[in-house]
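Residue numbers start from 1 in every chain, and the chains themselves are labelled A, B, ... in the order their sequence lines are given, proteins ahead of strands.
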Protein chains: 2
Amino acid sequence: MADLIYQKIIESLKKEIDKGSFPDMRLPDERSLAENYHVSRSSIKRALGNMSEQGIIFKKRGAGTFVNPLYLKQDSYFNYSGKNLGITDSFKANGQKPGIKVLSFDVIRPDEELRDNLFLNKGEFVYAFKRLRLLDDVPFMIETGYIPIKLAPELSEKVASESVFNYVESELGKEVNKTYLTISAQPSDEEGQKLLNLTKTEPVGIMEGIFFLNDGTPFEFSTMKLHYKYFKYDSFVDLDR
Amino acid sequence: MADLIYQKIIESLKKEIDKGSFPDMRLPDERSLAENYHVSRSSIKRALGNMSEQGIIFKKRGAGTFVNPLYLKQDSYFNYSGKNLGITDSFKANGQKPGIKVLSFDVIRPDEELRDNLFLNKGEFVYAFKRLRLLDDVPFMIETGYIPIKLAPELSEKVASESVFNYVESELGKEVNKTYLTISAQPSDEEGQKLLNLTKTEPVGIMEGIFFLNDGTPFEFSTMKLHYKYFKYDSFVDLDR
DNA sequence: TTATTATATTGGGTCGGTCCAATTTCAAGA
DNA sequence: TCTTGAAATTGGACCGACCCAATATAATAA
């Protein structure tokens with residue numbers, strides 16, 4: 001559990017919202033909240049600002065703070081409190097058993113584009129692996145990943161068959177918690193049709209991205225081809241910033 | 001131009017980064033920045049926190065603040081400083097001439113799901129319109145939109161043929177600046193193949209979402225089917241929050 | 001009753017301070 | 001030379017204050 005004040009406020013307010021403590025969709029003003037929680041207004045502001053970014057509430061100067069009615073519908077987006085970017089973990093919560101089948105595992109010389117994306121110099125090598133991911137034994141995603149050997153010298157096919165990110169965290173003491181994603185779609189190619197059990201008219205969703213360590217080091221470049229029925233990305237966009 | 005301190009700091013720091021003032025990828029520490037800019041450390045923290053959320057920089061306690069090397073590559077994501085959620089505007093910057101063809105424009109009785117999404121009571125009506133959007137006269141997107149009549153009583157087919165959001169802003173004095181998006185992909189249906197000039201094996205990208213006014217009122221429910229070649233969504237995800 | 005105007009409410013931005021935790025730096029010791 | 005550990009550096013959290021801007025409410029005037 002979080003021991004930070006503003007995080008505790010967030011948890012508490014979320015519970016209150018779920019409980020229906022604000023039937024008019026309106027939260028108490030910041031000054032009252034500060035008083036009731038015995039914290040400074042700054043901390044309340046921080047909590048509310050955070051919740052606003054997540055789309056849980058709307059703030060309007062002069063008027064007050066209001067619950068996003070969509071939040072009460074308990075849409076999937078709001079329920080997702082991802083603690084890990086690893087696919088293994090994010091799907092576990094869904095009640096389905098994830099599986100991994102390693103299709104290939106090599107060490108290769110990256111081409112220029114890949115070197116660019118991972119900020120490598122000429123002469124540095126990367127692990128290249130392709131994995132098929134399953135949910136309840138049904139394949140839904142082909143993942144191609146590249147990781148610089150210097151960042152994970154002990155990486156092995158066995159590690160790849162489990163969770164790479166868990167390995168990084170527990171063995172290397174580093175954390176992958178930021179990613180720059182590009183999302184698109186394409187017709188399925190032969191490989192996709194075969195591995196993901198798709199017809200020619202059925203497409204794949206593409207999630208391509210660079211995963212970063214805490215300190216900003218690019219750790220992995222990954223291309224994920226998803227069966228279109230499993231391809232869904234939720235996002236709350238706020239242009240006031 | 002922004003007259004807020006932290007926004008000016010952001011602009012300034014971005015310029016310095018672009019200019020290459022930090023050859024070691026490292027920004028000055030917060031206390032020095034505060035002194036040099038003659039502002040409080042709080043404002044610096046706010047600016048840096050904001051830039052961190054945007055993925056421009058990485059902060060690491062005890063170590064310092066560093067430029068995301070990806071930012072220097074000037075990837076499309078970082079260059080997009082969208083001031084409007086309207087598609088018309090966001091593509092304009094790309095140098096291409098956007099066009100709109102209204103396929104239908106009606107007033108209908110929303111079904112339950114739509115009422116749910118727009119938070120309407122039984123008996124309230126919505127405008128329903130379908131538009132084909134073009135870039136340099138090439139169709140790339142079919143958009144189906146629903147707007148409660150009570151929120152935009154004067155909406156007309158003519159308005160729909162231009163920019164709805166511009167109309168809202170200039171005529172109604174309201175602003176649409178938040179949206180909850182769900183992104184997915186599907187095989188193209190007959191309509192898509194015809195209007196977007198797709199073959200049977202070519203898919204469409206789906207962007208479905210609710211657009212909100214400043215005060216949290218759901219303003220429009222929209223489903224956008226995009227030609228897969230024009231379908232691209234960039235996103236920077238930070239799990240530390 | 002209605003329209004206008006003053007007042008109170010409410011979130012926004014900024015300041016400058018305190019203490020803390022993660023990391024780096026560097027000097028002392030083996 | 002290498003290791004250990006103290007000290008300095010640096011970002012993180014929090015406080016409580018100030019004034020401002022947008023909005024809502026109540027009082028006033030037409």
query: Taking atom types as modelled, is there a side-chain donor on A:T223 or A:Y146 under 3.5 Å from an acceptor on the other?
result: no
task: Please list, by residue number, the residues of residues 33-47 of chain A whose heavy atoms come closer than 4.0 Å to an atom of DNA chain C; answer none if no residue qualifies.
output: A:R41, A:K45
- prompt: In terms of the angle between their ring planes, are B:F212 and A:F58 parallel, tilted or perpendicular, with boundaries placed at 30° and 60°?
  reply: tilted
- prompt: With the threshold set at 4.0 Å, does a side-chain nitrogen-carboxylate oxygen contact exist between A:K45 and A:E30?
  reply: yes
Residue whose closest nucleotide on DNA chain D lies nearer the 5' end, A:R31 versus B:E30: B:E30
- line: Exactly one of A:I149, A:V164, A:D106 clears side-chain contact (heavy atoms from CB on, under 4.5 Å) with A:Y127, and that residue is A:I149
message: Just so I know, are the side chains of B:E53 and B:D238 near enough to count as touching, which here means a heavy-atom distance under 4.5 Å?
response: no
- line: One would report the end-axis bend of the helix from C:dT1-D:dA30 to C:dA30-D:dT1, five pairs per end and rounded to 10 degrees, as 0°
query: Between which nucleotides of DNA chain C, read 5' to 3', does contact with chain A run, using atoms under 4.0 Å from its heavy atoms?
result: C:dT9 to C:dG12
- prompt: Just by distance, do the side chain of B:R46 and the backbone of B:I5 share a donor-acceptor pair under 3.5 Å?
  reply: no
task: Please check if the side chain of A:S184 supplies one atom and the backbone of B:F231 the other of a donor-acceptor pair under 3.5 Å.
output: no
field: Side-chain ion pair, B:R31 and B:E35, N-O less than 4.0 Å
entry: no
query: Counting only side-chain N and O atoms of A:Y6, is one of them less than 4.0 Å from OP1 or OP2 of D:dC14?
result: no
task: Return the value, rounded to whole Å, for the distance between atom CG of A:L4 and atom P of D:dA13.
output: 6 Å
field: Between P of D:dT23 and CZ of A:F58, the distance in whole Å
entry: 16 Å
- request: Ignoring hydrogens and angles, tell me if any N or O in the side chain of B:R109 forms a donor-acceptor pair with the backbone of B:K122 under 3.5 Å.
  value: no
statement: Closest non-hydrogen atoms of A:P218 and A:N117, given as atom of the first, atom of the second and distance, are CB-O, 3.8 Å
